[in-house]
2 protein chains.
Amino acid sequence: MDENIQSEYQKLDRLLEHRSRFAICALLKRYDKMAFSRFKQLLKETDGNLGAQLRKLEDAAYIVVEKEFQGRKPVSWYQLTEQGRAALRSHLEGLEALAS
Amino acid sequence: MDENIQSEYQKLDRLLEHRSRFAICALLKRYDKMAFSRFKQLLKETDGNLGAQLRKLEDAAYIVVEKEFQGRKPVSWYQLTEQGRAALRSHLEGLEALAS
DNA sequence: AAATATACTCTATATTTTAGAGTACTCTGC
DNA sequence: GCAGAGTACTCTAAAATATAGAGTATATTT
């Protein structure tokens, strides 16, 4: 049984260890599309920090951005990719198995 | 409902974000006492890294160490404190609530 | 028209993680 | 009885990561 610990531990995803990145993916799993400003409102991170975390998730192809203008204001919409969804699932499985 | 997201997010514990520290606490919840060498075997981290993570958890009083000799070999035994147990519980609640 | 706000990006510093070397032994085989 | 390998750590310095704050461009409010 203990030997499973190793495989569960291996499932943990370094990108998803970070609270903001985890929360971003978890929220996107629930809400499908979210805007930068909404994340900022919910997570209360500084713009710089939030932007950096989103960028990392994008670089890893866990999320995709679509930038559009609403009137004259720029809005960035974020969505979870299939890859991001799978990574989140696996990460959660690992966490839960370890803590069970 | 969304306003709960903030409180769940706040529950996430920075110390427990790290995979090794999370796994250490999760294992100690299960096994009560574990030795350095056992963690090393299960988590496959280098000695230096594992030692550093254990130290951080100790500094935060999430775990306590007892150092003894088994024959002539030093063995460090780690145990979860009540504080560590509470932190782990709260962290897990936060994660699960966010991802649900 | 000045002040405040939104929606970001960029950059530089602070913090954290990590690997690897070092210490102090023990144990095994020759 | 001593060389080589192993155990059980700690220490240190470099690499990676996180974070804050400044900057850009525009909008809205007073």
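Computed from a predicted structure; not experimentally measured. In what follows, every chain begins at residue 1, and chains take the letters A, B, ... in the order their sequences are listed.
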Among Ile, Leu, Val, Met, Phe, Trp and Tyr joined by side-chain contacts under 4.5 Å, find the other residues sharing a cluster with A:V75 and list them by chain and number.
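Members alongside A:V75: A:W77.
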Could you pull out every donor-acceptor pair under 3.5 Å between side chains of residues 82-100 of chain B and any protein atom, sequence neighbours left out?
{"from": "B:H91", "atom 1": "ND1", "to": "B:D13", "atom 2": "N", "distance (Å)": "2.9"}
{"from": "B:E93", "atom 1": "OE1", "to": "B:K11", "atom 2": "NZ", "distance (Å)": "2.9"}
{"from": "B:S100", "atom 1": "OG", "to": "B:A97", "atom 2": "O", "distance (Å)": "2.9"}

Inspect the surroundings of CD in B:E68 and state if more than 12 heavy atoms from other residues, nucleotides or ligands are less than 6.0 Å away.
yes
Would you sort out whether B:I5 and A:R30 count as a side chain to side chain contact (heavy atoms under 4.5 Å, CB included), showing the intermediate values?
CA-CA 12 Å; B:I5 287 171; A:R30 222 196 274 191; 4.0 Å; yes
I need the CG-P distance between B:L50 and C:dA19, as an integer number of Å.
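The distance from CG of B:L50 to P of C:dA19 comes to 12 Å, rounded to the nearest Å.
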Length of the CG-C1' vector between B:L57 and C:dT17, whole Å:
14 Å
Using a 3.5 Å distance criterion without hydrogens, assess whether the side chain of B:E45 forms a donor-acceptor pair with backbone atoms of B:L50.
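Not a single qualifying donor-acceptor pair exists.
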Between B:S76 (side chain) and B:F36 (backbone), is there a donor-acceptor pair under 3.5 Å?
no
Phosphate oxygens OP1/OP2 of C:dA19: is one of them under 4.0 Å from a side-chain N or O of B:T46?
yes
How far does CD of A:Q79 sit from CG of A:L28, to the nearest 0.5 angstrom?
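Result: 8.0 Å between the selected atoms.
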Quick check for you: to the nearest 0.5 Å, what is the distance between A:L12 atom CG and B:F22 atom CZ?
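Rounded to the nearest 0.5 Å, the CG-CZ separation comes out at 7.5 Å.
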How would you summarise protein contacts on nucleotides 2-15 of chain D per nucleotide, using B for base, S for sugar-phosphate only and - for none, with heavy-atom distances below 4.0 Å?
------SBBB----
What residues from residues 15-22 of chain B pass a heavy-atom cutoff of under 4.0 Å to DNA chain C?
B:H18, B:R19, B:R21
Whom does C:dT6 pair with, Watson-Crick or G-U wobble, provided both distances fall under 3.5 Å?
D:dA25
Within residues 85-99 of chain A, the residues having a heavy atom closer than 4.0 Å to DNA chain D are none
Is there a side-chain contact between A:L54 and A:F39, using heavy atoms and a 4.5 Å cut-off?
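Yes, close enough: below the 4.5 Å cut-off.
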Applying side chain to side chain donor-acceptor pair (under 3.5 Å), can you list everything that pairs with A:Q41, at least two apart in sequence or on another chain?
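Scan of A:Q41 (side chain to side chain donor-acceptor pair (under 3.5 Å), adjacent residues dropped) gives A:R38.
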